[in-house]
Amino acid sequence: MTTSTEALVPRLRDICGAGNVITDPLELRTYECDGLTSHRSVPALVVLPATAGEVAAIVTECAAAGVPFVARGSGTGLSGGALPRQDGVLIVMSRMRAIVEIDPVSRRAVVEPGVTNLSVSKAAAPFGLFYAPDPSSQVVCSVGGNVAENSGGAHCLKHGFTVHHVTGLQIVTPSGELTWLGDGTGVTTGYDLLGAFTGSEGTLGIVTKIVVKLMPLPEVVHTLLAAYTTTSEGGRAVSDIIAAGIVPAAIEMMDALSIEAAEAAVHCNYPAGAGAVLIVELDGPASEVEAELSVVRAICEAAGATEIRAADDPAERAVIWAGRKSAFAAVGRISPSFIVQDGVVPRTSLGAVLAQIASLSEAAGIRVANVFHAGDGNLHPLVLYDDAVPGQETAAEKVSGQILDACLEAGGSITGEHGVGVDKSRYMPKMFTSADLDTMQLVRCAFDPASLCNPGKIFPTPRLCGEVPGRRRAPHPAVAAGQAEIF
Ligand SMILES: Cc1cc2nc3c(=O)[nH]c(=O)nc-3n(C[C@H](O)[C@H](O)[C@H](O)COP(=O)(O)OP(=O)(O)OC[C@H]3O[C@@H](n4cnc5c(N)ncnc54)[C@H](O)[C@@H]3O)c2cc1C
């Protein structure tokens with residue numbers, strides 16, 4: 001612990017109570033990483049506030065002492081966004097998990113940031129309503145984390161991302177001021193600061209309350225599973241469905257390797273020998289869904305489906321979804337380690353980029369399983385390796401970086417929903433010019449001129465606001481592989 005953080009301990013104990021300030025080195029290790037376990041850093045201190053007032057008081061103390069701070073929700077992030085600072089305070093929001101209000105008339109909810117995503121829909125269900133953004137981690141990830149990452153999910157194709165469902169945020173600014181962005185109506189006057197804040201990965205302040213829209217539960221939901229010999233056949237079905245003017249709630253695809261992993265983990269009983277499966281979900285008024293279902297079925301058949309299954313019963317639909325929902329974790333069954341990549345390509349380039357990924361995988365001798373939000377062109381290649389085999393991690397990092405290069409060449413993006421965090425800051429100069437990055441940094445500096453709020457994330461360092469590069473013990477595998485440079 002540094003002198004500055006040590007001096008903070010008594011003051012933070014006064015604010016949150018002694019039991020909610022963690023200083024024990026072993027307990028601190030619990031918080032050393034998020035879902036991206038290849039980056040680890042033990043925080044100097046962890047605090048668990050219970051109210052917005054406590055968060056404001058903690059941040060005020062940090063700002064006065066010049067100590068960096070990082071917010072953490074449930075720690076499921078996959079880009080190292082909640083990676084703590086060794087010289088800083090980690091502010092964990094998990095005690096702030098109240099659903100403050102469900103207003104069925106205005107169709108909105110007010111929630112605290114630590115509440116889990118799925119709890120909001122559960123609380124809204126008795127009123128015939130639900131909260132639409134549904135990351136696959138929704139059982140555990142927090143709504144505060146969702147706001148920071150502008151999280152998506154399988155059903156964002158039709159219903160939109162977090163930013164489309166947040167109408168008000170109570171935040172603590174990096175200097176410790178408690179204030180509101182947006183008035184809860186969804187109408188913006190002046191600059192859209194609510195939009196700027198959503199997706200800012202915890203770098204512009206800390207969210208302490210969230211107003212979200214609730215949507216009416218659909219009258220019917222139909223889920224269709226189509227099996228294909230190749231992913232390119234499945235990709236053709238995706239393009240044809242959208243070209244027919246149909247926007248399903250979700251279109252997801254899994255390739256042979258991810259099907260194999262899911263089968264081993266949850267016995268999802270997908271069609272034997274399938275090279276790809278497509279899951280298409282339609283929701284809405286019964287007459288509309290029935291009409292669309294027959295068109296989608298015909299398109300899937302025309303694209304070469306070897307088998308089609310359909311379900312409208314919740315239990316049967318859950319069986320179809322089981323394989324897809326378990327896919328990330330399931331890959332752990334077939335590989336000791338893996339990288340969850342997140343990139344975006346135009347839907348029309350899906351087939352070509354998947355073919356490119358297959359060639360990269362073959363050339364490097366590194367297996368890649370593909371499971372993705374096909375409707376959005378949001379790929380999640382899972383790059384498999386064995387960290388016990390010398391050189392494999394570096395080779396996997398190299399393939400992972402080449403996949404992002406392929407996404408950019410196709411006119412896509414280095415991330416669709418998992419954020420930039422620490423992991424992808426090195427790729428930002430490949431997607432944006434220096435002038436773009438400096439402009440973004442100006443926004444950041446307007447909120448946080450002292451660079452204390454989650455520093456070292458999103459942007460390659462050093463840039464403005466006095467950010468300095470951190471010390472590295474060994475070259476990062478991406479640097480060793482010639483994929484990135486530190487500057
Ligand atoms: C198995 C699995 C499946 C996933 N599926 C999806 C998916 O389908 N779609 C998707 O988008 N993501 C997905 N994710 C990624 C992850 O779950 C999301 O990014 C999620 O929003 C992170 O929420 P969290 O509470 O865990 O945040 P954390 O990991 O704790 O933090 C994430 C970022 O948010 C910031 N933050 C947290 N709370 C606050 C706050 N109150 N105020 C300000 N900043 C804050 C942190 O500083 C950090 O930068 C998945 C992850 C896993 C492990």
Side-chain angles (χ1 to χ4, degrees), residues 31 33-37 39 43 49 52 55 59 68-85 88-97 111-119 133-157 161-163 166 169-174 181 197-210 250 252 265 324-332 338 340 342 344 371-373 376 378 380 382 415-423 425 447-448 453-458:
Y31 299 95
C33 66
D34 60 9
L36 182 77
T37 54
H39 291 255
V55 178
V59 171
F69 53 91
V70 177
R72 176 180 166 113
S74 304
T76 66
L78 290 170
S79 55
L83 186 77
R85 293 271 301 208
V89 175
L90 187 71
I91 306 175
V92 179
M93 310 304 287
S94 53
R95 289 177 69 218
M96 294 177 62
R97 52 172 62 217
V111 303
E112 288 190 331
V115 75
T116 60
N117 174 294
L118 193 59
S119 312
D134 64 337
S136 305
S137 52
Q138 66 181 156
V139 179
V140 58
C141 68
S142 73
V143 179
N146 296 169
V147 170
E149 298 289 359
N150 186 22
S151 291
H155 294 83
C156 289
L157 174 62
F161 281 67
T162 302
V163 71
V166 171
L169 290 177
Q170 185 192 53
I171 63 158
V172 172
T173 67
L181 302 177
F197 197 99
T198 308
S200 61
E201 304 191 24
T203 60
L204 303 185
I206 300 187
V207 180
T208 47
K209 217 165 270 163
I210 304 144
E252 301 284 303
R324 167 60 186 92
K325 297 247 170 180
S326 71
F328 285 7
V331 163
F338 60 96
V340 180
D342 168 40
V344 183
V371 41
F372 50 99
H373 307 308
D376 297 308
N378 185 188
H380 288 316
L382 305 169
T415 171
E417 55 182 15
H418 294 171
V420 177
V422 281
D423 190 40
S425 56
F447 278 80
D448 182 23
C453 188
N454 210 4
K457 311 290 166 67
I458 304 179

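This chain uses plain numbering: 1 for the first residue, then up along the sequence. Atoms within each ligand, like the ligands themselves, are counted from 1 in listed order.
Among Ser151, Ser79, Ser142, the residue whose heavy atom sits closest to atom 18 (C) of ligand 1 is Ser151. Of the candidates Asn146, Thr415, Asp34, Asn146 brings a heavy atom nearest to atom 20 (C) of ligand 1.
At a heavy-atom cutoff of 4.0 Å, ligand 1 is contacted by both the backbone and the side chain of Arg72. At a 4.0 Å heavy-atom cut-off, ligand 1 touches Glu417 through backbone and side chain alike. Contacts between Val140 and ligand 1, counted as non-hydrogen atom pairs separated by less than 4.0 Å, are absent for every part of the residue. With a 4.0 Å cut-off on non-hydrogen atoms, Pro113 touches ligand 1 through its side chain and not its backbone. With a 4.0 Å cut-off on non-hydrogen atoms, His418 touches ligand 1 through its side chain and not its backbone.
Put simply, no part of Ala329 is less than 4.0 Å from ligand 1, judged by heavy atoms. Residue contact check for ligand 1: Gly419 places no non-hydrogen atom closer than 4.0 Å to it.
The structure places OG of Ser79 at 4.5 Å from CD of Glu149, a figure rounded to the nearest 0.5 Å. Atoms CG and CZ, on Asp34 and Arg72 in that order, are 7.0 Å from each other to the nearest 0.5 Å. Atom CE of Met96 is separated from atom CD1 of Ile206 by 9.5 Å, given to the nearest 0.5 angstrom. Note that CD of Glu417 is 9.5 Å distant from CG of Asn150, once rounded to the nearest 0.5 Å. Interatomic distance, NZ of Lys325 versus CG of Asp134, reported as 5.5 Å (0.5 Å rounding). Between atom CD1 of residue Ile171 and atom CZ of residue Phe447 there is a gap of 6.0 Å, rounded to the nearest 0.5 Å.
Of the polar atoms of Pro135, none of the N or O atoms is found under 3.5 Å from an N or O of ligand 1, judged by distance alone. Considering backbone and side-chain atoms alike, Gly75 places an N or O below 3.5 Å from some N or O of ligand 1. The shortest N or O to N or O distance between Cys141 and ligand 1 is not below 3.5 Å. Of the polar atoms of Gly152, at least one N or O is found under 3.5 Å from an N or O of ligand 1, judged by distance alone. Annotation: Val207 places an N or O atom under 3.5 Å from an N or O atom of ligand 1; distance criterion only. When only interatomic distances are considered, the shortest N/O to N/O separation between Gly81 and ligand 1 falls below 3.5 Å. Annotation: Asp134 places no N or O atom under 3.5 Å from an N or O atom of ligand 1; distance criterion only.
By the 4.5 Å heavy-atom criterion applied to side chains, Met93 and Val207 are not counted as neighbours. Within the 4.5 Å cutoff, the side chain of His418 has no heavy atoms near those of the Leu36 side chain. Contact annotation: the side chain of His380 approaches that of His373 to within less than 4.5 Å [non-hydrogen atoms, C-beta and beyond]. Contact check for Gln138 versus Asn146: no side-chain heavy atoms found under the 4.5 Å cut-off. Using a 4.5 Å heavy-atom cutoff, the side chains of Leu78 and Asp342 are not in contact. By the 4.5 Å heavy-atom criterion applied to side chains, Ile91 and Pro49 are counted as neighbours. Side chains of Leu204 and Asp448 form no contact here, defined as non-hydrogen atoms less than 4.5 Å apart.
Residue contact check: Glu201 has heavy atoms under 4.0 Å from atoms 49 (O) of ligand 1. Remark: ligand 1 atoms within the under-4.0 Å shell around heavy atoms of Gly205 are 43 (C). Every atom of ligand 1 is numbered from 1 in the order shown, and the set under 4.0 Å from a heavy atom of Met93 is 41 (N). Of all atoms in ligand 1, listed by their number and element, those nearer than 4.0 Å to a heavy atom of Asn454 are 47 (O), 49 (O). Taking every non-hydrogen atom of Ile206 and a distance limit under 4.0 Å, the qualifying atoms of ligand 1 come out as 42 (N), 43 (C). Near Ala148, meaning under 4.0 Å from any of its heavy atoms, are these atoms of ligand 1: 34 (O), 35 (C), 36 (N), 44 (N), 45 (C).
Among all protein heavy atoms, the one lying closest to atom 1 (C) of ligand 1 is Phe328 CD2, 3.9 Å. Scanning all protein heavy atoms for the shortest distance to atom 47 (O) of ligand 1 gives Ala71 O, 2.6 Å. Closest to atom 50 (C) of ligand 1, if we only count protein heavy atoms, is Ser137 OG, 3.5 Å. Among protein heavy atoms, the minimum distance from atom 31 (O) of ligand 1 is reached at Ala82 CB, 3.8 Å. At the shortest separation from atom 29 (O) of ligand 1 among protein heavy atoms lies Gly77 N, 2.8 Å. In terms of protein heavy-atom proximity, atom 19 (O) of ligand 1 is nearest to Glu149 CG, 3.4 Å. The shortest contact between atom 37 (C) of ligand 1 and any protein heavy atom is with Gly73 N, 3.5 Å. At the top of the distance list for atom 15 (C) of ligand 1, counting protein heavy atoms only, stands Thr76 O, 3.8 Å.
In this view, Ser136 and Arg324 satisfy the side-chain contact (heavy atoms from CB on, under 4.5 Å) rule, not counting sequence neighbours. Among residues two or more places apart in sequence or in another chain, the side-chain contact (heavy atoms from CB on, under 4.5 Å) test is passed with Pro84 by Pro43, Leu90.
Using modelled atom types, no side-chain atom of Thr203 and backbone atom of Asn454 make a donor-acceptor pair closer than 3.5 Å. Remark: the backbone N or O of Val140 is paired with a side-chain donor or acceptor of Ser74 at under 3.5 angstrom.
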